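Convention: sequence-line order gives letters A, B, ...; per-chain numbering from 1. The structure presented is a predicted model; accordingly, all values stated were derived computationally and were not measured.
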There are 2 protein chains.
Amino acid sequence: MQEAAIITLKKHELSVTDTRKKILQFFLESAGALTHADIEQQMGEAFDRVTIYRTLQTFVEKGIIHTIPSADNAIRYALCKDNCAAGHHHDDHVHFLCNDCGTTYCLDHVSVPKIKLPKGFTANQTDLVVSGVCHKCEA
Amino acid sequence: MQEAAIITLKKHELSVTDTRKKILQFFLESAGALTHADIEQQMGEAFDRVTIYRTLQTFVEKGIIHTIPSADNAIRYALCKDNCAAGHHHDDHVHFLCNDCGTTYCLDHVSVPKIKLPKGFTANQTDLVVSGVCHKCEA
DNA sequence: AAAAATTTTGCAACAAAGTTGCAAAGGTTT
DNA sequence: AAACCTTTGCAACTTTGTTGCAAAATTTTT
Ligand SMILES: [Mn+2]
Ligand SMILES: [Mn+2]
Ligand SMILES: [Zn+2]
Ligand SMILES: [Zn+2]
């Protein structure tokens, strides 16, 4: 049987390269979301920084990972669980950022509520990020 | 009567300097939120970049402005409407980011709903950012 | 299985964004 | 107005992100 990473890459019509396999594999093994810096550290000198930027960009475009907004200038990326496709993400779940251990969780079973906006405003996407203490870090 | 900016600065126990007055004034005159870059552009050569960084930092700490998370690595800042104080923000409103004109609105009258988290997770802060088309940009 | 065609990668060179220490300038208090 | 404390600007630096292009790797065609 083939590696999961390879299957995913093919499903999204991407050519299977070493970089992509390794980075995707890292996501598959990680509990939470990852920043560019996390990946750069983990991969060591293996890949060029530029390649990591481009790979993340490609993965987002193809619907393999999604971004999670934050107020600390460090975009986090996490695997899409739903069947997201190129240009169409369906990641309507809440994200949780632990202030203790720094882990960012995709709360796949907690969905984002509909927000009633003022007249004239049309919603396109809603991002909801909760921060606090995660189940592993509570005293 | 004194300028509003000066009053605010004094209320938050900050010494009144030219930089702080001008930057705060810019916030008071702006409809939406501002990024560091917005301010740097607006102020031209008037102030050093470093000073702007430090001023924004101070304003956030003192509860004069709050940050708005985003997925594009460009933190936005907006005036606190509620009576936020040093170390204690109470900005529980929804933010709206227009994909057309780029304006970020504080929807002060749309409050963030309570989110039911999985067992063991404790919420501390909730950020909710909606993006779409604003009332000015709708066709 | 080679060759041709296409895509991806690494390098180099930049550009932009953010940080730190320190002396000079500016505010505040007495 | 002197003394005191805080803020600013500068310089130097680190980190983060972007772009063009040739070499290398992958996929498609023959
Ligand atoms: Mn997620
Ligand atoms: Mn706000
Ligand atoms: Zn934790
Ligand atoms: Zn708009």
Side-chain angles (χ1 to χ4, degrees), chain A residues 2-3 5-27 33-62 64-65 67-77 86 102, chain B residues 2-3 5-27 33-62 64-65 67-77 86 102:
Chain A
Q2 272 189 119
E3 284 180 60
I6 298 181
I7 296 174
T8 304
L9 289 173
K10 286 190 174 161
K11 191 168 74 184
H12 292 273
E13 299 179 302
L14 285 173
S15 46
V16 177
T17 69
D18 211 46
T19 316
R20 289 175 178 167
K21 270 192 290 185
K22 288 247 175 64
I23 293 182
L24 185 47
Q25 191 58 41
F26 186 32
F27 272 106
L34 301 171
T35 61
H36 174 101
D38 290 334
I39 297 167
E40 199 174 332
Q41 273 190 288
Q42 170 74 16
M43 299 298 164
E45 303 279 290
F47 307 113
D48 195 87
R49 248 159 32 79
V50 178
T51 304
I52 299 176
Y53 280 113
R54 294 197 267 226
T55 303
L56 289 173
Q57 212 175 277
T58 305
F59 283 4
V60 170
E61 281 163 6
K62 292 289 182 173
I64 297 177
I65 60 179
T67 58
I68 301 165
S70 77
D72 70 344
N73 264 357
I75 299 176
R76 286 127 220 270
Y77 300 87
Chain B
Q2 272 188 121
E3 283 178 61
I6 297 180
I7 296 174
T8 304
L9 289 173
K10 286 190 174 159
K11 190 168 77 184
H12 289 87
E13 301 179 301
L14 285 173
S15 47
V16 178
T17 69
D18 210 47
T19 317
R20 289 175 178 166
K21 270 193 290 186
K22 288 250 175 63
I23 293 182
L24 184 47
Q25 191 58 41
F26 187 31
F27 273 106
L34 301 171
T35 61
H36 173 101
D38 290 333
I39 297 168
E40 198 174 333
Q41 273 190 289
Q42 170 74 16
M43 300 298 165
E45 303 280 289
F47 308 113
D48 195 88
R49 248 158 33 80
V50 178
T51 304
I52 299 177
Y53 280 114
R54 295 198 265 227
T55 302
L56 289 172
Q57 212 176 275
T58 305
F59 283 4
V60 170
E61 282 163 5
K62 292 288 181 173
I64 297 175
I65 60 178
T67 58
I68 302 164
S70 78
D72 69 346
N73 261 0
I75 299 177
R76 286 128 220 270
Y77 301 87

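- In this structure, CG of B:L24 is placed 16 Å from C1' of D:dT7, rounded to the nearest angstrom.
- Taking B:D72 as the reference, B:R76 meet the salt bridge (charged side-chain N to carboxylate O under 4.0 Å, His left out) condition, with sequence neighbours excluded.
- In this structure, A:E45 places its CD atom 14 Å from C1' of C:dC11, rounding to the nearest Å.
- Regarding B:K21, its NZ atom lies at a distance of 15 Å from the C1' atom of D:dT8, rounded to whole Å.
- With sequence neighbours excluded, the residues satisfying side-chain hydrogen bond (donor to acceptor under 3.5 Å, both in side chains) with B:Q25 are B:E29.
- Rounding to whole angstrom units, CG of residue A:L56 and P of D:dT18 are separated by 11 Å.
- Remark: A:Y53 engages A:H36 in a ring pair (Phe, Tyr, Trp, His ring centres under 6.0 Å) (not counting sequence neighbours).
- Residue-level contact check: B:A46 touches the backbone only, with heavy atoms under 4.0 Å from sugar-phosphate atoms and none from bases.
- Put simply, CZ on A:F47 is 14 Å from C1' on D:dA24, counting in whole angstrom units.
- With sequence neighbours left out, the side-chain hydrogen bond (donor to acceptor under 3.5 Å, both in side chains) criterion links B:T35 to B:D38.
- Distance, A:L9 CG to C:dT7 P: 16 Å, rounded to whole Å.
- Separating the CG atom of A:D48 from the P atom of D:dT16 is a distance of 15 Å, rounded to the nearest angstrom.
- Direction change of the helix axis from one end of the helix from C:dA1-D:dT30 to C:dT30-D:dA1 to the other is 40°, with five pairs defining each end axis (rounded to 10°).
- For the pair A:E13 CD and D:dT26 C1', the interatomic distance rounds to 16 Å; values are reported in whole Å.
- Partners of A:T8 by side chain to side chain contact (heavy atoms under 4.5 Å, CB included), not counting sequence neighbours, listed by chain and number: A:H12, A:L24, A:I64.
- With sequence neighbours left out, the salt bridge (charged side-chain N to carboxylate O under 4.0 Å, His left out) criterion links A:D18 to A:K22.
- Counting any heavy atom pair closer than 4.0 Å across all strands shown, B:T58 reaches no nucleic acid atom.
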With sugar-phosphate taken as primed atoms, P, OP1 and OP2 and all else as base, the protein-contact string of nucleotides 17-30 of chain C at under 4.0 Å (heavy atoms; B, S, -) is SBBBB-----SS--
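- Expressed to the nearest 0.5 Å, how far CD of A:E61 lies from CZ of A:R54 amounts to 12.5 Å.
- Contacts of B:T67 classified as side chain to side chain contact (heavy atoms under 4.5 Å, CB included), with partners at least two apart in sequence or in another chain: A:A71, B:V60, B:I75, B:Y77.
- Rounded to the nearest 0.5 angstrom, B:Q42 CD and B:I52 CD1 are separated by 10.5 Å.
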